[in-house]
Amino acid sequence: LNENPRRAYFKERVDNKKIQCYISTRTNRIHNERVKIMVTKTDYYDYSLVAVIVLLTCFGLIMLYSTSSYMAQINYGSDMYFFKKQAIISVACIIMALIISRLNYRILNRFSTALYVAALVLMALVKTPLGQSSHGAQRWLNLGPVQFQPAELAKIAVIVCLPYMIVHMGKKVHTLKGCMVLAVVGGGLALAAYVFTDNLSTAIIIFCITAGLIFVAHPDIKIFIIIAGVVIALAVIGVIFLNATVSVDGSGSFRLRRIMVWLHPEEYADSWGYQTIQALYAIGSGGFFGRGLGNSIQKLGSVPEAQNDMIFSIICEELGIFGGLIVLMLYAYLLYRLFVIAQNAPDMFGSLLVSGVFVHIALQVIMNVAVVLNIMPNTGVTLPFISYGGTSILFLMFLIPLRVCPRHIPTAHTAGEHGLLLGRCNASPLIVIVGQPAVLRSILCTPVAGIVAALATLDANKRSLTGEN
């Protein structure tokens, strides 16, 4: 070969081509194997997410009956008045969730602007004769047989609209101008919720969802930590200033009164702080393991609207601190599953969509429990899936089944171990109910049997208290 350089040159070229051909063939084979593994690995559904949602809903129905039966019997002549309405709405919402789960979540891209405009228009209609007052606040919209709070639709609008904008903005979201545009869009809905429906708590939730989505999309977290620190410092200074200068009797704003009552509830135990004090009595009297299901005393008229935003206090009274911790663990697991789904979403829009749902549910749980424990002023925020309220559970069930699938699952062992069963691309967690009858029976029938047994226990307790046979 040394004597014939030309021959050596051509032999080297041939060898290189053979090596390149071998590498290319080997790469294609590995890619095809990975694709096959990917298809196999993502052919799963999140049974855990379905189970925890059904568990919370069924537990909510049990506690709703236990909490509201006495006052419902007195005010409406039927101890199951609230239970029946909530049960019908829950079943209808699950059916709606099944229908929504058959759709591709990317179809929401087409309706993001329409949802935003519809939320603004419907909230503005609350100020018209179509608006309806309840408990001293005009926040409901009455459209014939349909009655709902349009501020709940605004939460869906911001969760759908902002991810759509972030995806189309691309790298512009990293700039100050991009963040300001997103803040104005989300803040506009929050301002509308406050102005048109006089609902400050919903406005705070909408604005926090906006901030959460911007935080997820923005690469720099230092600026958000600084802003959060400044907001907390200003809030502390504001509370100290109000405590030193404002009195409950001299304040004309009920929100300022709520802040003052939050700071000194024992001084207003017979007036503005009555609900808070009675809720704390309920938690304290329950102890660690509670009085027993159906044996609450504070629900007999002592805690106003116990079936709504104060239902957690009755849970702690009947099931104790242990039962309250179990409920919080269920919410924590629900949020964990949403976090996993957001991480494994096939695109940025899906990831941001689930992130918005995560922030929404987390905020409502934190705010409700904090109010019951008197960690923050009363807001009227309900406990998701448990408190009485058709509008709340309706829009929650609309958000949960939005169809998101993971890009990949690291290993088949990990998928089986963690129960990450999230469907083929674009498959919803709830679509398993349609495709897997055995899973449907195990997930739905067990909680339904639990509801029947719990209702029988509650009825027996009620009969023993009234002396009936």
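These figures come from a predicted structure and were not determined experimentally.
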Validation row: Q364, K155 side chains within 4.5 angstrom (heavy atoms) = yes

Any donor-acceptor pair under 3.5 Å from S351 side chain to D347 backbone | no

side-chain contact (heavy atoms from CB on, under 4.5 Å) assessment of L352 paired with I159 = CA-CA 8 Å; L352 291 171; I159 291 174; over 6 Å; no

L383, V303, V372 screened by side chain to side chain contact (heavy atoms under 4.5 Å, CB included) with I311, the one that passes | L383

Is the CZ atom of F224 crowded by more than 12 outside heavy atoms at less than 6.0 Å?
-> yes

In Å and rounded to the nearest 0.5 Å, what is the OG to CD distance from S68 to Q86?
-> 9.5 Å

Less than 4.5 Å apart, any side-chain heavy atom of M376 and any of V371?
-> yes

Examine distances only and state if a side-chain atom of S296 and a backbone atom of I314 form a donor-acceptor pair shorter than 3.5 Å.
-> no

Here the pair of heavy atoms bringing G273 nearest to V261 is CA-CG1, 3.4 Å

Could you walk me through whether Y164 and H168 pass ring pair (Phe, Tyr, Trp, His ring centres under 6.0 Å), step by step?
-> CA-CA 6 Å; Y164 172 79; H168 282 74; 4.2 Å; yes

Does T128 reach the main-chain N or O of A124 with its side chain, forming a donor-acceptor pair under 3.5 Å?
-> no

Between the NE2 atom in H360 and the OG atom in S355, the distance rounded to the nearest 0.5 Å is 14.5 Å

May I ask you to decide if I53's main-chain N or O and T57's side chain share a donor-acceptor pair within less than 3.5 Å?
-> yes

Quick one: are Y116 and L189 in side-chain contact, heavy atoms under 4.5 Å?
-> yes

In terms of heavy-atom contacts, A217 and I166 come closest through CB-CG2, 3.7 Å

Please work out whether the ring planes of F288 and F322 are parallel, tilted or perpendicular, with thresholds of 30° and 60°.
-> tilted

M96 versus L394: any side-chain heavy-atom pair under 4.5 Å?
-> yes

Side chains of Q132 and Q147: does their closest heavy-atom pair fall under 4.5 Å?
-> yes

Side chain proximity check, T382 to Y388, heavy atoms < 4.5 angstrom = no

Ion pair K299/E318, N-O distance below 4.0 Å = yes

Over 12 foreign heavy atoms within 6.0 Å of CG, L234 | yes

Report the C-alpha distance between Y331 and I386 in whole Å, list the side-chain angles of each, state the deciding distance to 0.1 Å, and finish with yes or no for side-chain contact (heavy atoms from CB on, under 4.5 Å).
-> CA-CA 11 Å; Y331 281 117; I386 294 181; 3.4 Å; yes

Please report the C-alpha distance between M310 and N378 in whole Å, then the side-chain angles of each, then the deciding distance to 0.1 Å, and finally whether the side-chain contact (heavy atoms from CB on, under 4.5 Å) criterion is met.
-> CA-CA 10 Å; M310 287 293 168; N378 201 324; 4.0 Å; yes

Report yes if the side chains of Q343 and F339 come closer than 4.5 Å at any heavy-atom pair, otherwise no.
-> yes

Working to the nearest 0.5 Å, report the span between CG of L64 and NZ of K85.
-> 11.0 Å

Please say whether more than 12 non-hydrogen atoms of neighbouring residues, nucleotides or ligands are located less than 6.0 Å from CZ in F349.
-> yes

Is a donor on one side and an acceptor on the other found under 3.5 Å between the side chain of T202 and the backbone of N199?
-> no

Side-chain donor/acceptor of W262 to backbone N/O of N374, under 3.5 Å = yes

Going by atom types alone, do Q278 and Q298 pair a side-chain donor with an acceptor below 3.5 Å?
-> yes

Heavy-atom donor-acceptor pair, T175 side chain to K172 backbone, under 3.5 Å = yes

Output for pair (L325 CG, L330 CG), nearest 0.5 Å, gives 11.0 Å

Should we count OH of Y194 as having more than 12 external heavy atoms under 6.0 Å?
-> no

Return yes if some donor-acceptor pair links the side-chain N/O of Q149 with the main-chain N/O of R139 below 3.5 Å, else return no.
-> no

Taking the side chain as C-beta and beyond, is there a heavy-atom pair between P163 and M348 under 4.5 Å?
-> no

Within the side chain of N368, is there an N or O that forms a donor-acceptor pair under 3.5 Å with the backbone of V381?
-> yes

Mind running side-chain hydrogen bond (donor to acceptor under 3.5 Å, both in side chains) on Y333 and S48 for me, showing each step along the way?
-> CA-CA 9 Å; Y333 189 70; S48 302; 3.2 Å; yes

Given side-chain contact (heavy atoms from CB on, under 4.5 Å), test V181 with M165 step by step and report yes or no.
-> CA-CA 9 Å; V181 171; M165 293 182 62; 3.9 Å; yes

Rounded to the nearest 0.5 Å, how far apart are CG of L353 and CD1 of I341?
-> 11.0 Å

Expected output: side-chain S112 to main-chain C161 donor-acceptor under 3.5 Å = no

